[in-house]
Visitor: 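My questions will all concern the structure given below.
Lettering of chains follows the sequences in order, A, B, ..., and the numbering in each one begins at 1. Keep in mind that what you see is a predicted model, and the values were worked out from it rather than measured. Reckoned from all heavy atoms, side chains included, excluding hydrogens, waters and symmetry mates.
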2 protein chains.
Amino acid sequence: MELTIFSDEHFMREALKEARKAFDAEEVPVGAVIVWQDKIIARAHNLTERLNDVTAHAEMQAITAAASAIGGKYLTECTLYVTLEPCVMCAGALQWSQIPKIIFGAHDTKRGYARFGNSLLHPKTQITGGVLETECAELMTTFFRERRK
Amino acid sequence: MELTIFSDEHFMREALKEARKAFDAEEVPVGAVIVWQDKIIARAHNLTERLNDVTAHAEMQAITAAASAIGGKYLTECTLYVTLEPCVMCAGALQWSQIPKIIFGAHDTKRGYARFGNSLLHPKTQITGGVLETECAELMTTFFRERRK
């Protein structure tokens with residue numbers, strides 16, 4: 001009998017699967033899932049190149065898909081798992097979504113929202129960084145190293 | 001003979017037409033146009049209610065539409081006209097788009113990006129607020145006054 005434990009690592013591994021899809025499609029490898037009542041209701045990966053659209057970050061698409069799944073635009077009972085610290089745009093979108101919990105993998109000191117402290121998010125939002133950080137960061141490092149060749 | 005002058009007020013009036021479409025559809029009345037070489041290449045208004053999507057701000061849709069019109073994801077030769085000061089999400093998206101010029105109508109001290117100074121935008125982006133501010137702000141005030149009735 002297999003025991004499935006719905007840990008943060010479990011859902012981050014699902015976000016990593018999405019990030020690898022982006023990697024394989026030559027997109028900056030960021031993936032996200034949104035979870036509601038221990039179920040994944042949205043999966044997305046970065047599609048800025050394919051869609052020719054700077055707004056097509058994994059988180060943005062996941063927010064849109066999760067709202068569609070729930071049938072309401074506020075994600076007040078959901079958790080976002082994303083392999084990279086959200087940028088300013090995504091932090092702003094997450095604030096509008098009223099999502100109470102955000103878990104990210106790799107920190108992003110250059111483009112991440114946290115350069116501005118937690119003030120871009122809703123004061124009640126819980127945010128945790130560094131879950132499976134090594135795997136999440138390595139995927140990014142490999143991607144950019146290969147592109148520089 | 002009619003002389004058409006492509007002033008900031010001219011394009012802001014076009015953004016206001018979009019905002020009025022939002023108003024009529026019972027959406028928060030914000031409209032935007034993106035201009036390239038004196039031509040409007042994208043028009044959009046807020047559709048968060050109709051699309052059930054907190055990310056469907058006028059600016060976000062205009063960025064996506066303009067990139068599609070140009071055939072490239074960076075809007076390096078464009079100007080955005082929007083009736084309301086962009087929020088954090090939209091400022092982040094505008095930063096990614098590399099748009100060099102943003103003109104907005106009404107200031108938004110509660111939700112606008114400028115609470116964080118200009119640091120959310122690219123340092124080279126020129127931003128001007130207050131164009132047709134009275135008309136842009138009145139549309140918002142009327143909308144929220146009617147909803148409170």
Visitor: Quick check: do A/W96 and B/T55 have side-chain heavy atoms less than 4.5 Å from each other?
Guide: no

Visitor: Under the 3.5 angstrom rule, does the side chain of A/N52 hit a backbone N or O of B/K73 as a donor-acceptor pair?
Guide: yes

Visitor: Check each atom of A/Q95 against the heavy atoms of chain B and say whether the ones under 4.5 Å are side chain, backbone, both or neither.
Guide: side chain

Visitor: What parts of residues 13-51 of chain A touch chain B if we use heavy atoms and a cut-off under 4.5 Å?
Guide: A/T48, A/E49

Visitor: Can you name the residues of residues 110-129 of chain A that have some heavy atom under 4.5 Å away from a heavy atom in chain B?
Guide: A/R111, A/F116, A/S119, A/L120

Visitor: Of the backbone (N, CA, C, O) and the side chain (C-beta and beyond), which part of B/A91 lies under 4.5 Å from a heavy atom of chain A, both, or neither?
Guide: neither

Visitor: Please identify, among A/I63, A/I70, A/V88, A/L75, the residue contributing the most non-hydrogen atom pairs under 4.5 Å to chain B.
Guide: A/V88

Visitor: Determine the option with the most heavy-atom pairs under 4.5 angstrom with chain A, choosing from B/C90, B/A56, B/S68, B/S97.
Guide: B/S97

